[in-house]
Amino acid sequence: MPDLPSNPSHERSTHGVGPWQGDWPEDEYFDPDLLIHGDTRNVIDRYRYWKLDAIVADLDEHRHPFHVAIENWQHDMNIGSIVRTANAFGADTVHIVGRRRWNKRGAMVTDRYQHVVHHEDVAALVEWAHGETLPVLGIDNVPGSVLIETFSLPERCLMLFGQEGPGLSAEALAASDAVLEISQFGSTRSINASAAAAVTMHAWVLQHVSFPPAGG
């Protein structure tokens, strides 16, 4: 057993595990610090005791080809939650548009595992998307929007979300190849931005990911 490390993991989860029991694994992707102190991180069981860079490398082998972009003009508190959801659904990359700094609290440290890049403005984001031949799909309930439930989502695409309240900027709407809205049946005009992002990502999953039949 190697010398004890100075700092155990500081990511806390109610579903953590204690120090490794039994003979130590020899695979290089295991982290000696975590094997000694236990793993309290918010990761799935498959990645227990793994080094962070090993988790990122493994995720890179399985990420889906959709991207998520968020306008950040008002330091929206939802951005962290959207990053966390993007990680959960295996998004390729999250793009922050506008202010570079964003509130990471809601991300629950998932930004360590999720690729996050910054663009100065919508024009820079669109230029990047066009260079990658990614259609830009704006998500907002504005006049002329198409119901996402009736839309065939491209496998490779960039989903663009606006700020809580004002929604997508006029520039973002103009730059979108299509603008989609989520069907609603109650009295509220809109749902929370992070909830809208989760619904949209899951809509992509339903269209592009195959699942075994129930009970199979």
Side-chain angles (χ1 to χ4, degrees), residues 1-70 72 75-96 99-118 159 161 164 192-206 208-216:
M1 181 179 293
D3 294 336
L4 290 175
S6 57
N7 295 308
S9 170
H10 60 275
E11 296 179 45
R12 297 298 176 186
S13 167
T14 56
H15 300 286
V17 292
W20 182 274
Q21 301 297 311
D23 295 334
W24 273 32
E26 297 182 356
D27 301 276
E28 62 180 13
Y29 53 79
F30 284 105
D31 187 325
D33 288 11
L34 299 175
L35 293 171
I36 293 170
H37 292 284
D39 190 349
T40 64
R41 300 174 300 175
N42 180 26
V43 296
I44 60 175
D45 290 344
R46 165 178 166 75
Y47 293 135
R48 288 297 180 201
Y49 304 107
W50 281 36
K51 297 175 182 176
L52 187 150
D53 59 353
I55 295 175
V56 173
D58 191 68
L59 288 172
D60 285 344
E61 297 292 325
H62 309 286
R63 296 188 197 274
H64 295 311
F66 71 85
H67 295 243
V68 175
I70 316 141
N72 184 33
H75 207 58
D76 195 333
M77 296 282 288
N78 288 282
I79 292 178
S81 295
I82 294 174
V83 170
R84 181 181 181 183
T85 303
N87 171 273
F89 285 121
D92 185 293
T93 302
V94 174
H95 303 260
I96 310 296
R99 296 177 58 174
R100 181 176 294 273
R101 296 187 63 182
W102 53 280
N103 191 313
K104 297 185 177 182
R105 183 175 182 133
M108 296 292 289
V109 200
T110 52
D111 55 300
R112 295 187 176 193
Y113 309 93
Q114 177 65 50
H115 298 307
V116 179
V117 301
H118 174 256
M159 305 167 181
F161 299 90
E164 183 71 23
N192 176 271
S194 60
V199 170
T200 303
M201 286 183 248
H202 192 248
W204 184 97
V205 168
L206 290 176
H208 293 288
V209 178
S210 299
F211 297 92

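Small disclaimer: the values here were computed from a predicted structure and weren't measured.
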Strictly distance-based, threshold 3.5 Å: is any side-chain N or O of [X] a donor or acceptor partner for the main-chain N or O of [Y]?
X: Gln21; Y: Pro19; value: yes
X: Asn72; Y: Arg101; value: yes
X: Asn103; Y: Met77; value: no
X: Asp27; Y: Tyr29; value: no
X: Gln114; Y: Ala91; value: yes
X: Arg63; Y: Asn87; value: no

Checklist entry - Does the salt bridge (charged side-chain N to carboxylate O under 4.0 Å, His left out) test come out yes or no for Arg41 and Asp39, once each step is laid out? => result CA-CA 6 Å; Arg41 300 174 300 175; Asp39 190 349; 2.8 Å; yes
Item to check | Sub-4.5 Å side-chain heavy-atom contact between Phe66 and Phe89 | outcome: yes
Checklist outcome for this item: Value for OG (Ser81) from CZ (Arg105), rounded to nearest 0.5 Å, stands at 11.0 Å
Checklist entry - Got a second to check how far Asp58's CG is from Ile55's CD1, nearest 0.5 Å? => result 8.5 Å
Next on the checklist: Looking at every non-hydrogen atom in both residues, tell me the closest pair between Leu35 and Phe30 and how far apart they are.
Outcome noted: CD1-CB, 4.1 Å
Item to check | Shortest non-hydrogen contact from Pro25 toward Trp20 | outcome: CD-CE2, 3.5 Å
Checklist entry - Among Ile70, Ile96, Ile82, which residue meets the side chain to side chain contact (heavy atoms under 4.5 Å, CB included) test with Trp102? => result Ile96
